[in-house]
Novice: 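There's a structure below that I have some questions on.
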Amino acid sequence: MDAHAVAPWRECGPYVVLPNFAEVVRLLDDEDETGDRPAYLMARSDQLLELTGARMVVTTLDGEGTLLHRLGQPPYRTYAQPAPQHMATGAGDTYTAAFALWLAGGAAPEEAARAGQAAAGVVVRRQGTAVCTRYELQRALRRQEGQEGTVQAAEQLARLLDEHRRRGERVVFTNGCFDVLHRGGT
């Protein structure tokens with residue numbers, strides 16, 4: 001459930017609630033005096049679960065990522081690549097959709113949190129309202145796991161290239177020798 005006020009839904013026993021940081025502060029009727037939002041939330045994890053009646057609470061921290069709270073487990077943190085605030089349109093809804101989809105597919109909550117973060121990261125890189133396609137999400141997850149954009153073993157590289165070719169994409173190679181493009185020193 002992604003509602004601006006989650007406390008009224010407590011008696012329903014929601015499976016997961018996804019408040020943002022400001023909503024959590026209101027729920028706790030408290031203030032973050034430290035300025036360290038993740039630490040503030042980690043110290044109040046059990047209290048958040050109690051006040052919401054949910055099995056899980058995912059608190060969103062805008063450009064700082066999210067914290068997944070579960071009873072008896074330490075909070076699990078995801079990290080975001082910050083984007084300008086004016087580009088955040090739809091990030092929360094996208095996170096919620098990907099998180100719910102992963103859970104519905106049987107993924108562990110931590111995997112769902114990573115998928116939600118990756119999907120939100122895709123949409124905040126675009127102007128206006130945007131969607132995250134399956135292909136873009138897969139690519140973002142590979143990048144998040146260090147499987148794309150880094151040095152690869154030959155077998156892994158061959159698999160990645162085959163995947164791109166199957167999708168009809170063009171594979172281009174450059175060798176990084178660009179010295180001919182500048183005059184050099186005098």
Novice: How long is the gap from OG1 on Thr78 to CD on Glu110, to the nearest 0.5 Å?
Specialist: 11.5 Å
Novice: Just do the side chain to side chain contact (heavy atoms under 4.5 Å, CB included) check on Arg10 and Thr52 with the steps written out, would you?
Specialist: CA-CA 5 Å; Arg10 184 185 189 292; Thr52 63; 5.9 Å; no
Novice: Please report the interatomic distance CG(Leu101) to CZ(Arg134), rounded to the nearest 0.5 Å.
Specialist: 11.5 Å
Novice: Within a strict 4.5 Å, meaning less than it, do heavy atoms of the Thr96 and Val16 side chains meet?
Specialist: no
Novice: Where is the tightest heavy-atom contact between Arg26 and His4, given as atom of each residue plus distance?
Specialist: NH2-O, 4.1 Å
Novice: Taking all non-hydrogen atoms of both residues, which atom of Ala115 and which atom of Leu141 are closest, and how far apart?
Specialist: CA-CD2, 3.9 Å
Novice: Just wondering, more than 12 heavy atoms not from Leu161 lying within 6.0 Å of its CG?
Specialist: yes
Novice: Listed by chain and number, what are the side chain to side chain contact (heavy atoms under 4.5 Å, CB included) partners of Tyr15, not counting sequence neighbours?
Specialist: Arg55, Met56, Leu103
Novice: If you round to the nearest 0.5 Å, how far is CZ of Arg139 from OG1 of Thr133?
Specialist: 10.5 Å
Novice: Ignoring hydrogens, what is the shortest heavy-atom contact between Ser45 and Pro75? Give both atom names and the distance.
Specialist: OG-CG, 3.8 Å
Novice: Is there a path of hydrophobic side-chain contacts, each under 4.5 Å between heavy atoms, that joins Leu18 and Leu71?
Specialist: no
Novice: Test of understanding: clusters of I, L, V, M, F, W, Y form through side-chain heavy atoms closer than 4.5 Å, transitively. Do Val123 and Tyr95 belong to the same one?
Specialist: no
Novice: Using side-chain heavy atoms (C-beta onward) and a distance below 4.5 Å, is Thr59 in contact with Tyr40?
Specialist: no
Novice: Verify the cluster assignment for Val131 and Phe99: are they in a single hydrophobic cluster under the rule of side-chain heavy atoms below 4.5 Å apart?
Specialist: no
Novice: Tell me, with the steps shown, if Gln117 and Thr66 meet side chain to side chain contact (heavy atoms under 4.5 Å, CB included).
Specialist: CA-CA 8 Å; Gln117 190 66 65; Thr66 66; 3.6 Å; yes
Novice: Check whether any side-chain heavy atom of Tyr76 lies under 4.5 Å from a side-chain heavy atom of Arg114, and answer yes or no.
Specialist: yes
Novice: Roughly how far, to the nearest 0.5 Å, is CG of Leu67 from CZ of Arg37?
Specialist: 10.0 Å
Novice: On a heavy-atom basis, which atom in Asp2 and which in Gly92 lie closest, and how many Å separate them?
Specialist: OD2-O, 4.4 Å
Novice: Looking at CZ of Arg44 and CG of Leu51, how far apart are the two atoms once the value is rounded to the nearest 0.5 Å?
Specialist: 11.5 Å
Novice: Could I get the full list of side-chain hydrogen bond (donor to acceptor under 3.5 Å, both in side chains) partners for Gln47, not counting sequence neighbours?
Specialist: none
Novice: Would Leu48 and Leu28 count as a side chain to side chain contact (heavy atoms under 4.5 Å, CB included) here? Give the steps.
Specialist: CA-CA 8 Å; Leu48 285 172; Leu28 295 171; 4.1 Å; yes
Novice: Hey, quick one: are Met42 and Val25 part of the same hydrophobic cluster, counting side-chain heavy atoms closer than 4.5 Å, chains of contacts allowed?
Specialist: yes
Novice: On a heavy-atom basis, which atom in Leu137 and which in Ala118 lie closest, and how many Å separate them?
Specialist: CD1-CB, 3.8 Å
Novice: So which atom in Ala7 and which in Leu27 form the shortest heavy-atom distance, rounded to 0.1 Å?
Specialist: CB-CD1, 3.6 Å
Novice: Check which hydrophobic residues are tied to Val122 through side-chain heavy-atom contacts below 4.5 Å, counting indirect links as well, and list them.
Specialist: none
Novice: Side-chain heavy atoms nearer than 4.5 Å, only ILVMFWY residues, links allowed to pass through others: does that put Leu49 and Val58 together?
Specialist: no
Novice: Determine whether Val24 and Val57 make a side-chain contact, defined as any pair of heavy atoms from C-beta on separated by less than 4.5 Å.
Specialist: no
Novice: Does the side chain of Phe21 reach to within under 4.5 Å of the side chain of Leu41, using non-hydrogen atoms?
Specialist: yes
